[in-house]
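Presented below is the structure to which this report refers.
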Amino acid sequence: MAEHFHVNTPLLESVTMSKHVQTTVYLKMENSQPSGSFKIRGIGHLCQQLATKSKGVVCASGGNAGMATAYAARKMGIPATIVVPSSSPQLVVQRLQDQGATVRITGKVWDDANAEALRLAETEGLTFVPPFDHPLLWQGHASMITEVAACLGPTVKLGAVLVSVGGGGLLCGVIQGLKDVGWTDIPVIAMETEGANCFNAAVKAGRMVTLDDITSEAKCLGAKTVCKKAFEYSQCSELTIISELVTDQQALHAVETFLDEERVLVEMACGAALAAVYSGVIRRLQDEGCLPTLLGPLLVIVCGGSSVDMKHLSHLKHKLQT
């Protein structure tokens with residue numbers, strides 16, 4: 001079996017994005033992972049650690065964690081059951097089935113699907129694959145920062161890292177990675193959309209918060225409660241985590257601009273991080289003194305996503321304009 005299921009993704013410099021923020025912007029192109037997103041790093045690692053002798057794996061997912069689980073299971077030759085909420089696009093269901101997974105549609109939001117996945121793990125003796133809340137996931141995701149450090153070399157010091165936050169798995173992995181390479185002094189800008197803002201709500205309240213509902217179209221950010229570790233990191237004085245929100249319209253605008261300028265299509269969840277550059281969040285943070293005026297290079301984690309195609313993009317465009 002391969003050493004791991006993820007690939008070392010390209011680190012690209014974006015000249016056009018650099019113009020927006022007057023500093024070099026590096027893109028970590030996690031959209032080019034075999035499962036379509038960064039999720040394969042952590043999920044592949046977790047499956048190799050926990051599921052080698054398993055009779056099958058089960059995962060609840062709005063798309064990308066399911067894709068990664070299905071991909072890893074196919075490579076390992078074990079069955080995968082993916083439970084998705086009814087809000088998942090048909091495109092996602094089809095892609096999961098193409099990977100050889102059994103798909104079950106349960107409930108309205110991710111939390112409903114997750115309850116069903118936990119039940120199946122219990123009753124059918126399957127290995128439960130959590131989409132974002134597990135130390136093995138964060139350990140796997142941390143590899144992207146190790147790759148960036150190796151690629152940039154010891155002379156380049158980043159000014160900030162931009163990540164999208166759903167349940168907080170990527171955020172925890174990035175922080176783990178920053179710790180691994182000795183970069184904990186680098187600020188992390190945690191981006192969410194309004195209506196899928198469980199991390200921002202927790203940071204503001206100073207405690208874990210459960211959202212009533214997910215009203216954002218960035219469905220892959222749709223966890224009602226952020227993982228505990230992400231919240232703990234936000235309260236840690238040795239780290240700088242800046243939590244920011246953008247509107248669905250700004251996230252969609254970022255997806256469209258990125259498609260035009262970089263010729264890459266990513267989903268709305270990823271658009272939240274890109275919007276920090278395109279919608280002036282970085283510049284505002286500089287004006288407010290949260291980031292230095294002379295900012296070092298920015299690292300944007302282009303987390304990718306399988307839940308988008310041109311048809312879905314034009315549907316979103318129509319829905320968010322009306």
Within the structure provided, determine whether Leu313 and Val255 are in side-chain contact (heavy-atom separation under 4.5 Å).
yes

Could you give me the CA-CA distance, side-chain angles and deciding distance for Thr9 and Lys28, then say whether side-chain hydrogen bond (donor to acceptor under 3.5 Å, both in side chains) is met?
CA-CA 7 Å; Thr9 52; Lys28 185 62 170 157; 3.0 Å; yes

Taking Arg95 for the side chain and Met67 for the main chain, is one N or O donor matched with an acceptor at less than 3.5 Å?
no

Same hydrophobic cluster for Val264 and Met310, using side-chain heavy-atom links shorter than 4.5 Å among ILVMFWY?
yes

Distance (rounded to the nearest 0.5 Å) between Gln249 CD and Met268 CE:
8.0 Å

Do Ile301 and Val156 belong to the same hydrophobic cluster, where Ile, Leu, Val, Met, Phe, Trp and Tyr are linked whenever their side-chain heavy atoms lie under 4.5 Å apart, directly or via other members?
yes

Is the shortest heavy-atom distance from the side chain of Val25 to the side chain of Glu13 under 4.5 Å?
no

Taking the side chain as C-beta and beyond, is there a heavy-atom pair between Asp111 and Thr210 under 4.5 Å?
no

Any side-chain heavy-atom pair of Leu96 and Gln99 under 4.5 Å:
no

A side-chain contact here means heavy atoms from C-beta on lying under 4.5 Å apart; do Cys303 and Ser37 qualify?
no

Lys/Arg-Asp/Glu bridge criterion (N-O < 4.0 Å) met for Glu30, Arg41
yes

Distance in Å, Thr69 OG1 paired with Ile43 CD1, rounded so as to fall on 0.5 Å steps
4.0 Å

Is any NZ, NE, NH1 or NH2 atom of the basic residue among Asp213 and Lys224 found under 4.0 Å from an Asp or Glu carboxylate oxygen of the other?
no

For Ser88 and Val84, indicate whether the former's side chain and the latter's backbone hold a donor-acceptor pair under 3.5 Å.
no

Distance only, no hydrogens: is a donor on one side chain within 3.5 Å (strictly under) of an acceptor on the other, for Asp248 and Ser216?
yes

Look only at the side chain of Ser86 and the backbone of Gly107, and say whether a donor-acceptor pair between them is shorter than 3.5 Å.
yes

Quick one: pull up SG in Cys227 and CG in Asp133 and give me the separation to the nearest 0.5 Å.
4.5 Å

Hey, could you give me the CD/CD distance between Gln49 and Gln139, rounded to the nearest 0.5 Å?
7.0 Å

So do Thr225 and Cys198 actually touch side chain to side chain, heavy atoms under 4.5 Å?
no

Euclidean distance, His134 NE2 relative to Leu137 CG, rounded to 0.5 Å:
7.0 Å

Quick one: are Leu259 and Thr257 in side-chain contact, heavy atoms under 4.5 Å?
no

Pairwise distance OH(Tyr26) to CG(Leu158) - rounded to 0.5 angstrom:
8.0 Å

Between the main-chain N or O of Ala276 and the side-chain N or O of Ser279, is there a donor-acceptor pair closer than 3.5 Å?
no

Could you tell me whether Arg119 and Glu122 have a side-chain N and a carboxylate O separated by less than 4.0 Å?
no

For the pair Lys55 (side chain) and Glu124 (backbone), establish whether a donor and an acceptor sit closer than 3.5 Å, ignoring hydrogens and angles.
yes

Heavy-atom donor-acceptor pair, Ser164 side chain to Ala269 backbone, under 3.5 Å
yes

Under a 3.5 Å distance rule, please check whether Glu192 uses its side chain to pair with a backbone N or O of Leu245 as donor and acceptor.
no

Will you find, in the side chains of Ser307 and Asn64, an N or O donor that is under 3.5 Å from an N or O acceptor?
no

Using modelled atom types and a 3.5 Å cut-off, is there a donor and acceptor pairing between side-chain atoms of Gln33 and backbone atoms of Phe38?
no

Verify the distance criterion only: is there a donor paired with an acceptor across the side chains of Thr16 and Glu261 at less than 3.5 Å?
yes

Thr184 side chain to Lys179 main-chain N or O, any donor-acceptor pair under 3.5 Å?
no

Sole residue of Val174, Ile189, Val300, Leu298 in side chain to side chain contact (heavy atoms under 4.5 Å, CB included) with Val161:
Val174

Let me have the donor-acceptor pairs involving side chains of residues 230-243, under 3.5 Å, with sequence neighbours excluded, atom names and distances please.
from: Glu232; atom 1: OE2; to: Lys228; atom 2: NZ; distance (Å): 2.9
from: Ser234; atom 1: OG; to: Phe231; atom 2: O; distance (Å): 2.5
from: Ser243; atom 1: OG; to: Asn200; atom 2: ND2; distance (Å): 2.9

Lys157 atom NZ, neighbour heavy-atom count above 12 within 6.0 Å:
yes

Do side-chain atoms of His20 reach the backbone of Val277 as a donor and acceptor pair under 3.5 angstrom?
no

Arg284 and Glu244: salt bridge (charged side-chain N to carboxylate O under 4.0 Å, His left out), yes or no, with the steps?
CA-CA 11 Å; Arg284 176 171 58 73; Glu244 289 289 330; 2.5 Å; yes

